[in-house]
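For reference, the structure is listed below as structure tokens.
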2 protein chains.
Amino acid sequence: MPFDLQPSFRALSDPSRRDILRLLGAQEMSVADVAQHFDMTRAAVKKHLNVLDEGGLITTRKRGRERLNRLNAEGLRPVVDWLSWFDQFWDQRLDALKAAIEEIEDPNLTPKETEDD
Amino acid sequence: MPFDLQPSFRALSDPSRRDILRLLGAQEMSVADVAQHFDMTRAAVKKHLNVLDEGGLITTRKRGRERLNRLNAEGLRPVVDWLSWFDQFWDQRLDALKAAIEEIEDPNLTPKETEDD
DNA sequence: TTGACAGGATACCAAAAGGTATCACAACAT
DNA sequence: ATGTTGTGATACCTTTTGGTATCCTGTCAA
């Protein structure tokens with residue numbers, strides 16, 4: 001069964017959640033800490049954190065009565081992998097451009113094969 | 001003013017739209033062509049195409065009475081760029097691994113600089 | 001010219017999403 | 001023990017979203 005990308009993409013689809021992610025990149029933070037950076041109630045932030053957690057984009061641990069939220073960059077991997085499927089489409093254009101430039105700079109270079117490979 | 005990522009991320013947040021994107025990777029298709037691949041009305045597909053267009057993920061051109069939709073992989077670039085900010089968090093681990101592998105494969109290679117450049 | 005056919009646009013509906021307010025609970029300090 | 005503080009869960013509201021049905025427009029073929 002294929003990995004379900006939906007929770008991850010869904011988590012990334014909200015600007016506040018993307019901001020939270022980058023915020024957590026700086027350091028592990030409690031719910032209240034995160035909430036302090038936004039014009040939202042703590043409850044709203046908590047919901048966002050839940051969605052991020054479901055998307056596998058953060059991990060949490062309890063310390064005393066507070067819940068610390070940490071960025072889980074590994075969770076972005078499936079998303080990046082999915083996106084990388086499209087590399088073939090701009091790479092072909094980019095490769096063509098690069099080849100054209102190289103052709104101009106060095107007309108004797110044959111782009112088809114390189115022998116020292 | 002920073003580029004607005006929201007339309008792109010929003011466009012990617014729906015599974016049907018992600019499927020459409022990959023479908024259009026194969027070839028340029030009309031609205032009806034796309035709709036044929038889904039259990040949705042043509043109108044619903046058209047809405048998805050609108051969202052994808054707003055996200056800059058596809059381009060369209062008219063041929064006669066039909067509208068051809070084409071993948072615009074370049075539109076994914078801002079998304080990939082945003083995600084690449086998080087490279088610093090798993091790359092430190094990945095770079096170590098990659099360096100280790102390269103070291104095994106070619107111990108004489110110095111990754112810092114190449115002279116014939 | 002007159003149909004047929006591919007697209008667009010709009011109104012409308014049900015469900016999901018973002019948000020607040022509120023209550024209940026656990027843990028810390030005194 | 002008791003009050004305070006950080007959190008979790010729920011009910012509720014409004015807006016957005018995915019979807020359909022419907023109507024209108026433009027274009028191709030006879």
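Labels below follow one simple rule: chain letters A, B, ... track the order of the sequence lines, proteins then strands, and each chain is numbered from 1.
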| How does each nucleotide of nucleotides 10-23 of chain C score, in 5' to 3' order, for protein heavy atoms under 4.0 Å: base (B), sugar-phosphate only (S), or none (-)? | -B-----SSBBB--
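Note that NZ of K62(B) is 6.0 Å distant from CZ of R67(B), once rounded to the nearest 0.5 Å. Atom CH2 of W85(A) sits about 9.0 Å away from atom CG of L21(B), to the nearest 0.5 Å. In this structure, CG in L12(B) is found 10.0 Å from OG in S13(A), a value given to the nearest 0.5 Å. Considering CD of E66(A) and CG of N69(A), their distance stands at 10.5 Å, rounded to 0.5 Å.
Note: CG (N50(B)) to C1' (dG19(D)) measures 14 Å, nearest angstrom. Remark: P of dG8(D) and CZ of R61(A) are 14 Å apart, rounded to the nearest angstrom. Summarising the geometry, the separation between CG on D33(B) and P on dG7(C) is reported as 7 Å, rounded to the nearest angstrom. dG8(C) atom C1' lies 14 Å from atom CD of E54(B), rounded to whole Å. Rounded to whole Å, the distance from CD on Q36(B) to C1' on dG7(C) is 16 Å. Here dA6(C) presents its P atom at 15 Å from CG of N69(B), a figure rounded to the nearest Å. Going from atom CG of L49(B) over to atom C1' of dG18(D) covers 14 Å, rounded to whole Å. Taking atom CG on L68(B) and atom C1' on dG8(C), their separation rounds to 15 Å, with Å as the unit.
When the side-chain nitrogen and oxygen atoms of K46(B) are compared with OP1 and OP2 of dG7(C), none of them lie within a distance under 4.0 Å. Of the side-chain N and O atoms in R67(A), none sit less than 4.0 angstrom from OP1 or OP2 of dG6(D).
Ranking dT27(D), dG6(D), dG7(C) by closeness to the K62(B) side chain, first place goes to dT27(D).
Under 3.5 Å, the side chain of R65(A) and the base of dT5(D) form at least one donor-acceptor pair of N or O atoms.
One hydrophobic cluster, built from ILVMFWY side chains closer than 4.5 Å, cannot hold both V51(A) and L49(A); they sit in different ones.
Side chains of N72(A) and L24(A) form no contact here, defined as non-hydrogen atoms less than 4.5 Å apart.
More than 12 non-hydrogen atoms from other residues, nucleotides or ligands lie less than 6.0 angstrom from CZ of R22(B).
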